[in-house]
There are 2 protein chains.
Amino acid sequence: MDSHPPDAERLLTPSEVAKMFRVVPKTVTRWAQAGKISSIRTLGGHRRFREAEVRRLLEEGFGSEDESRVG
Amino acid sequence: MDSHPPDAERLLTPSEVAKMFRVVPKTVTRWAQAGKISSIRTLGGHRRFREAEVRRLLEEGFGSEDESRVG
DNA sequence: GTTAATTGGGGTAATTCGGGCG
DNA sequence: AATGTCCGAATTACCCCAATTA
């Protein structure tokens with residue numbers, strides 16, 4: 001039996017996100033601390049990231065650098 | 001009709017909770033042992049978790065970390 | 001060249017994972 | 001097959017400081 005709760009969303013570990021961006025896991029942690037990426041915490045304090053958001057951020061980085069960035 | 005499912009009493013297995021947090025089932029068991037999450041026992045000694053509580057714990061850790069939190 | 005921000009590495013403690021067995 | 005419990009290894013969090021980048 002493999003019934004999952006309705007809005008079970010795919011979560012990624014810091015290492016997995018780090019590999020996608022080609023940075024070390026610690027850098028991903030800094031992004032979370034800086035509020036640049038949202039994250040949830042396991043009950044032990046470790047972070048998990050939404051795969052959808054990570055991929056969105058990853059693709060934003062491929063946009064033209066001429067694009068004005070609001071921030 | 002089941003248009004009003006009593007979510008508050010729905011119970012989840014260790015595996016289901018583990019998938020929601022992106023951890024392995026054993027880790028969820030550890031959280032129960034540490035008292036970080038309440039659980040009930042089946043007559044066979046296995047644990048079950050309240051979906052409402054799990055969801056609450058899951059959403060507590062969401063959002064940017066630089067947002068102030070009202071305690 | 002200087003200033004400010006980001007990234008990476010070291011170190012330690014806590015958490016998580018994986019294997020084995022009941 | 002899923003779960004419970006114990007142990008050792010890997011991952012992560014958090015600290016500080018140097019190197020790289022804009």
Side-chain angles (χ1 to χ4, degrees), chain A, chain B residues 2 4-71:
Chain A
M1 162 230 297
D2 205 299
S3 58
H4 299 211
D7 62 76
E9 179 163 4
R10 240 152 108 75
L11 298 177
L12 300 175
T13 64
S15 285
E16 291 169 340
V17 177
K19 287 187 178 81
M20 293 171 71
F21 279 92
R22 260 285 227 170
V23 295
V24 296
K26 186 183 302 181
T27 297
V28 178
T29 293
R30 291 185 193 281
W31 295 342
Q33 290 174 338
K36 295 180 175 182
I37 182 175
S38 59
S39 65
I40 68 170
R41 301 278 211 140
T42 67
L43 299 192
H46 286 200
R47 296 185 179 84
R48 298 279 114 104
F49 305 90
R50 292 176 177 271
E51 183 186 38
E53 182 178 6
V54 172
R55 287 208 304 238
R56 179 170 58 75
L57 292 170
L58 198 51
E59 294 190 11
E60 284 181 3
F62 282 104
S64 299
E65 296 190 351
D66 302 18
E67 295 281 345
S68 307
R69 183 160 308 214
V70 180
Chain B
D2 54 13
H4 291 207
D7 292 10
E9 292 303 330
R10 192 144 124 229
L11 298 178
L12 301 175
T13 65
S15 286
E16 289 169 341
V17 177
K19 280 167 184 149
M20 294 170 72
F21 280 91
R22 181 57 157 89
V23 294
V24 296
K26 280 182 187 177
T27 297
V28 178
T29 292
R30 227 173 279 115
W31 293 343
Q33 289 175 334
K36 292 177 177 176
I37 182 174
S38 58
S39 65
I40 65 174
R41 297 277 200 153
T42 67
L43 300 190
H46 288 194
R47 295 186 178 82
R48 296 282 115 99
F49 305 90
R50 298 189 183 284
E51 183 182 34
E53 181 179 7
V54 172
R55 289 185 171 285
R56 180 170 55 77
L57 292 170
L58 195 53
E59 291 171 10
E60 272 182 11
F62 256 111
S64 300
E65 296 188 359
D66 54 355
E67 290 179 0
S68 15
R69 214 166 288 261
V70 180

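The figures here come from the full heavy-atom set of this structure, side chains too, leaving out hydrogens, waters and symmetry mates. Lettering follows sequence order; numbering is per chain, from 1.
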d([atom1], [X]; [atom2], [N]) in whole Å:
X: B/Arg48; N: D/dG4; atom1: CZ; atom2: C1'; answer: 12 Å
X: B/Phe49; N: D/dA2; atom1: CZ; atom2: C1'; answer: 13 Å
X: A/Arg41; N: D/dA13; atom1: CZ; atom2: P; answer: 7 Å
X: B/Arg22; N: D/dT11; atom1: CZ; atom2: P; answer: 13 Å

**Report entry** Pairing partner (Watson-Crick or G-U wobble, both distances under 3.5 angstrom) of D/dA2
**Finding:** none
Report summary line: Nearest heavy-atom contact between B/Pro25 and B/Ala18 is N-CB, 3.5 Å
Query - Near-strand residues of residues 23-30 of chain B, defined as heavy-atom separation under 4.0 angstrom from DNA chain D - result: B/Lys26, B/Thr29
Requested in this report: On DNA chain C, reading 5' to 3', which nucleotide is the first and which the last to sit with an atom under 4.0 Å from a heavy atom of chain B, could you check?
Outcome: C/dT15 to C/dG20
**Report entry** B/Glu59/B/Arg55 salt bridge by N-O under 4.0 Å criterion
**Finding:** no
Report task. Can you pull out how bent the helix from C/dT3-D/dA22 to C/dG19-D/dC6 is, comparing the axes over its first five and last five pairs, to 10°? Result -> 40°
Requested in this report: Report yes if at least one side-chain N or O of A/Arg47 is closer than 4.0 Å to OP1 or OP2 of D/dT12; otherwise report no.
Outcome: no
Requested in this report: Report yes if a side-chain nitrogen or oxygen of A/Gln33 is closer than 4.0 Å to either non-bridging phosphate oxygen (OP1 or OP2) of D/dC14; otherwise report no.
Outcome: yes
Rounded to the nearest 0.5 Å, what separation is found between the [atom1] atom of [X] and the [atom2] atom of [Y]?
X: B/Leu57; Y: B/Lys36; atom1: CG; atom2: NZ; value: 11.0 Å
X: B/Leu12; Y: B/Ser39; atom1: CG; atom2: OG; value: 12.0 Å
X: A/Leu11; Y: B/Leu58; atom1: CG; atom2: CG; value: 7.0 Å
X: B/Thr13; Y: B/Arg47; atom1: OG1; atom2: CZ; value: 13.0 Å

Query raised in the report: Sequence neighbours excluded, which residues qualify as side chain to side chain donor-acceptor pair (under 3.5 Å) partners of A/Arg48?
Result: none
Requested in this report: Name all residues meeting the side chain to side chain donor-acceptor pair (under 3.5 Å) criterion together with A/Glu53; count only those two or more places apart in sequence or in a different chain, and write none if there are none.
Outcome: A/Ser38
Report task. Please list all pairs passing the ring-ring contact (aromatic ring centres under 6.0 Å, His included) test where one or both residues lie in residues 15-55 of chain B, with sequence neighbours left out. Result -> B/Phe21-B/Trp31
Report task. Any chance you could lay out the side chain to side chain contact (heavy atoms under 4.5 Å, CB included) test for B/Ile37 and A/Leu43, step after step, and finish with the verdict? Result -> CA-CA 8 Å; B/Ile37 182 174; A/Leu43 299 192; 4.0 Å; yes
Query raised in the report: Does any pair with a residue in residues 13-34 of chain A pass salt bridge (Lys or Arg N to Asp or Glu O under 4.0 Å), and if so which ones, sequence neighbours excluded?
Result: A/Glu16-B/Arg22
